[in-house]
Amino acid sequence: MQTNPQLELATNFVRYTGQHIFLTGKAGTGKTTFLHHLREHPIKRTVVVAPTGVAAINARGVTIHSFFQLPFGPLTGFDRTNTEQMRFNREKINIIRSLDLLVIDEISMVRADLLDAIDAVLRRFRAHHNKPFGGVQLLMIGDLQQLSPVVKEDERELLRDHYETPYFFSSKALRETSFVSIELTQVFRQQDNRFISILNRVRENRLDVPTLELLNQRHIPNFQPDDEEGYITLCTHNAQAKRINDAKLQALPGEAHSFQAQIEGVFPEYSYPTEFELTVKEGAQVMFVKNDTSLEKLFYNGKTGKITRIENDAIFVICPNEENEIAVTRMSWENVKYSLNADTNEITEETEGVFTQYPLRTAWAITIHKSQGLTFERAIIDAHSSFAHGQVYVALSRCKTLEGMVLSSPINARSVINDHTVRGFTEQIEQNQPDETQLSSARIAYQQELLAELFRFTPLHNRIGYIAKIIGDNKGSIPAPTQNLFAQMLALHGEISDVAGKFQAQINRLLPQQPDVEQNDALQTRIGKASGYFSEKIETIVLNILPKADLDIDNRTVKKQLIDAVKRLEEDARIKYESLKSCLNGFCLTDLLQAKATASIEKAKPKETVKKETAASVVLDNENISHPELFVRLRLWRKAQATELGLPAYGVFSQKTLYELVHYLPTDKKSLLKINGIGEKKIVRFGQEIIEIIGEYCEEKGLKQIELM
């Protein structure tokens, strides 16, 4: 990657901070190159998305709508709590839960409501649901002076009721954040300072008379280039481009050759990177639509030439000012999806489909929209019918030189459509460029934020407190051992929170000596020791205790509520535990992020199999049960009776009754009647069998019943 200070700054903001970033810049300043370099050398767990299928293929990512499973049309009423809209499979949820960085390419085309819908999905599935975008770092790449969001007339009024503008920067979620804007200013496409100056004035809507006069010197009425020169016409509408290409192709003598693309797997039509059916003749002017991946690098996306012959499986193309033909064969584009590597838990790209076609298209003309990102040696600009913000700038900036550009009609100030809202936003960006000092501050702030979060135990304490409240509100439905277990856990975890508060005071004393956590040796030593202490406490007080909680209660509503709360507690405790373990040798940003991400991945549960309960399994999970072996016998008998009679388990007797039976060991009807939940009807229906089971157990163990008052 051709580096410059701004690109290095952007890379370091991604690598070392959690700051959201808007990376912008004029056409040809290296935004796409930066994205490809980031993909090839990943810094964090990353997903790349784009607003359209073609943009996603070019970025080697996926579309926003497919990844986040969003409906098309206005999303002002999108509800992240609506489970019908959020039916994600486990792998997609795990990718979202473990994501560090979301790259959105062509952000200028992303509407505010779409960005807010992304925020809603991320908050729904991530632990930091109170943070914008669920705590995921955003890298937004694009140029607001080029392509703008598509807003249909019937959608405009609806959006106006919710947003100041349709542009991404009006997103409600984004406005809750602070983001840095980095503008790339070094132009690689053009080298002529005079031409660059003209483009800047068009871009910024500062066209004055001298600039217009200089620009319009390239207006050549009725210009008819020699076919050998390879000019391509850039026009505003698809129909216009198709009309020119069809007429030119039909005028050529000789036989037309048609080649259909080959598609393997899943490759949606809206993502086709070029024509499904390519029709060409010898002598046709064509444009390459893909870069040459061979070592020779004979062509690039946007290079034009002429077909000299078509033989066997090759189309031969000669380009202007070149002596040798290029033998063009079919090339492939991949439609990727993101998945988790089963062994490493890394986010990986998996090829879902392949589109194979000759990387060519007829190219006497192309729309300005489809020319986005391309570079032309020679072009005819037909922009008199421009209708959208930034169209004229995009067209002019495709050209490498002023001399290689011809205007089919003069440019006037009215042709340059510029959104004043965008201009105000970009001026603010230009005046507030971050520097190394801001980077250093953001880096230290990010470290300290993660450190504070690492030793903050209030969220876990609140989780346990919530479970205690469920139990307190439903004491009659929940076994006493389970009540005691969580009461004990809450008390012990309260002690952890107290110790953590004292340790935070130590952190506050040591940080001023060296704010960079990774460089603060004294603090690093304390972090290592504290991580060992707290990880051991989380393991013994929470993770080792939770499996012992008997959640098989009779009240289905309370049971579900309790199981869900315990699951969330276990997930949070696991993430906390693994995060602390990663810091046993001190704080390391990359190690901590990796540990948190991996721990956030929910492991698939094995398929349920019929498992015979044994006394040993219950002893492991129920230390407070008086007679676990009898507990199992009675629970299995209860389950069999309930199944046979078509009753819920508590229809035989309740969980609370089960605990009393194994504690008091009633072996006759008189004592059985003293057990809560056992009445005359239950005695008649089930009493004899219960007595026999308990009596047999007592005889085996030499036990006597406990006298009930």
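Index from 1, following the sequence. Treat the numbers as computed from the prediction; the structure is a model and nothing was measured.
- The backbone N or O of Val517 sits nowhere less than 3.5 Å from a side-chain atom of Gln448 that would complete a donor-acceptor pair.
- Of the possible polar contacts, one joining the Tyr338 side chain to the Val48 backbone as a donor-acceptor pair under 3.5 Å is found.
- A salt bridge links Glu453 with Lys596; the closest basic N to acidic carboxylate O contact falls under 4.0 Å.
- One N or O on the side chain of Asp100 and one on the backbone of Arg45 form a donor-acceptor pair closer than 3.5 Å.
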Residues Leu580, Tyr533; criterion side chain to side chain contact (heavy atoms under 4.5 Å, CB included); working and verdict:
CA-CA 9 Å; Leu580 289 164; Tyr533 169 82; over 6 Å; no
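- In this structure, the ring of Phe534 has its center less than 6.0 angstrom from the ring center of Phe457.
- Heavy-atom contacts from other residues, nucleotides or ligands closer than 6.0 Å to NZ of Lys682 number more than 12.
- With no hydrogens or angles considered, a side-chain donor-acceptor pair links Asn508 and Gln504 at under 3.5 Å.
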Show, in sequence, the C-alpha distance, side-chain angles and deciding distance for Leu122 and His128, and conclude whether the side chain to side chain contact (heavy atoms under 4.5 Å, CB included) test is met.
CA-CA 9 Å; Leu122 291 174; His128 295 297; over 6 Å; no
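- A distance of 10.0 Å separates CZ in Phe267 from OG1 in Thr351, rounded to the nearest 0.5 Å.
- Of all the heavy atoms in Phe133 and Ala173, the pair that sits closest is CZ-CB, 3.7 Å.
- Aromatic pair Phe88/Phe125: centroids less than 6.0 angstrom apart.
- Considering only heavy atoms from C-beta on, Phe686 stays 4.5 Å or farther from Ile678 through its side chain.
- Checking side-chain atoms of Gln506 against main-chain N and O of Arg526 turns up no donor-acceptor pair under 3.5 Å.
- Using a 4.5 Å heavy-atom cutoff, the side chains of Val121 and Leu70 are in contact.
- The shortest side-chain heavy-atom distance between Ser579 and Leu592 falls under the 4.5 Å cut-off.
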Please report the C-alpha distance between Thr657 and Arg638 in whole Å, then the side-chain angles of each, then the deciding distance to 0.1 Å, and finally whether the side chain to side chain contact (heavy atoms under 4.5 Å, CB included) criterion is met.
CA-CA 11 Å; Thr657 299; Arg638 183 180 74 152; over 6 Å; no
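- Note that the CD1 atom of Ile527 and the CD atom of Glu518 stand 9.5 Å from one another [nearest 0.5 Å].
- For Glu350 against Ser339, the heavy-atom pair with the smallest separation is OE1-OG, 3.1 Å.
- When all heavy atoms of His20 and Leu138 are compared, the closest pair comes out as ND1-N, 3.0 Å.
- Atom-to-atom distance recorded for Leu661:CG and Leu672:CG is 6.5 Å, nearest 0.5 angstrom.
- Within a 6.0 Å radius of CG in Asn585, other residues, nucleotides and ligands contribute 12 heavy atoms or fewer.
- Closest non-hydrogen pair, Leu543 versus Pro547, comes out as O-CD, 3.2 Å.
- Arg568 places no side-chain N or O within 3.5 Å of a backbone atom of Arg463 that could act as its donor or acceptor partner.
- Ser98 contributes no side-chain N or O that, together with a main-chain N or O of Thr598, makes up a donor-acceptor pair within less than 3.5 Å.
- Counting all heavy atoms, side chain and backbone alike, Ile57 lies closest to Glu334 at CD1-O, 3.7 Å.
- Panel note: side chain Arg126, backbone Leu99; a donor-acceptor pair is recorded below 3.5 Å.
- Checking side-chain atoms of Asn335 against main-chain N and O of Val266 turns up a donor-acceptor pair under 3.5 Å.
- Formation of a donor-acceptor pair under 3.5 Å by the Glu539 side chain with backbone atoms of Tyr577 is not found in this model.
- Side-chain atoms of Ile43 and Leu101, non-hydrogen and from C-beta on, never get closer than 4.5 Å to each other.
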I'd like to know whether Glu692 forms a side chain to side chain contact (heavy atoms under 4.5 Å, CB included) with Glu696, so could you lay out the CA-CA distance, the side-chain angles of the two residues, the decisive distance to 0.1 Å, and finally the verdict.
CA-CA 6 Å; Glu692 287 177 3; Glu696 183 180 330; 6.0 Å; no
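- A 4.5 Å side-chain heavy-atom check between Ile496 and His461 finds every atom pair outside the cut-off.
- Contact check on Asp498 versus Lys502 returns no salt bridge, with no Lys/Arg side-chain nitrogen under 4.0 Å from an Asp/Glu carboxylate oxygen.
- With contacts defined as side-chain heavy-atom distances shorter than 4.5 Å, the pair Arg633/Ile694 does not qualify.
- Gln594 and Glu346 form a side-chain donor-acceptor contact under 3.5 Å, judged by distance and modelled atom types alone.
- Asn474 places no side-chain N or O within 3.5 Å of a backbone atom of Val558 that could act as its donor or acceptor partner.
- Atom CD of residue Gln688 and atom NZ of residue Lys669 lie 6.0 Å apart, to the nearest 0.5 angstrom.
- The side-chain heavy atoms of Phe486 and Ile470, taken from C-beta on, include no pair separated by under 4.5 Å.
- With a 4.5 Å cut-off on side-chain heavy atoms, Leu673 and Glu680 count as touching.
- The neighbour count for Gln488 CD, taken as heavy atoms of other residues, nucleotides or ligands under 6.0 Å away, does not exceed 12.
- Here the shortest heavy-atom pairing between Phe67 and Lys92 reads O-NZ, 2.9 Å.
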Between Lys576 and Asp572, does a salt bridge (charged side-chain N to carboxylate O under 4.0 Å, His left out) hold up when you go through it step by step?
CA-CA 6 Å; Lys576 181 68 74 176; Asp572 288 357; over 6 Å; no
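- Here the CG-CD1 distance, from Asn484 to Ile478, works out to 12.0 Å after rounding to the nearest 0.5 Å.
- Classification of Asp564 and Lys560 as a salt-bridged pair holds, one side-chain N sitting under 4.0 Å from a carboxylate O.
- One finds no salt bridge joining Glu176 and Lys172 here, because no Lys/Arg side-chain nitrogen approaches an Asp/Glu carboxylate oxygen to under 4.0 Å.
- Surrounding CD of Glu699 are at most 12 heavy atoms belonging to other residues, nucleotides or ligands under 6.0 Å away.
- Expressed to the nearest 0.5 Å, how far CD1 of Ile104 lies from CD1 of Ile118 amounts to 4.0 Å.
- Using a cutoff of 4.0 Å between basic side-chain nitrogens and carboxylate oxygens, Arg111 and Asp113 are scored as salt-bridged.
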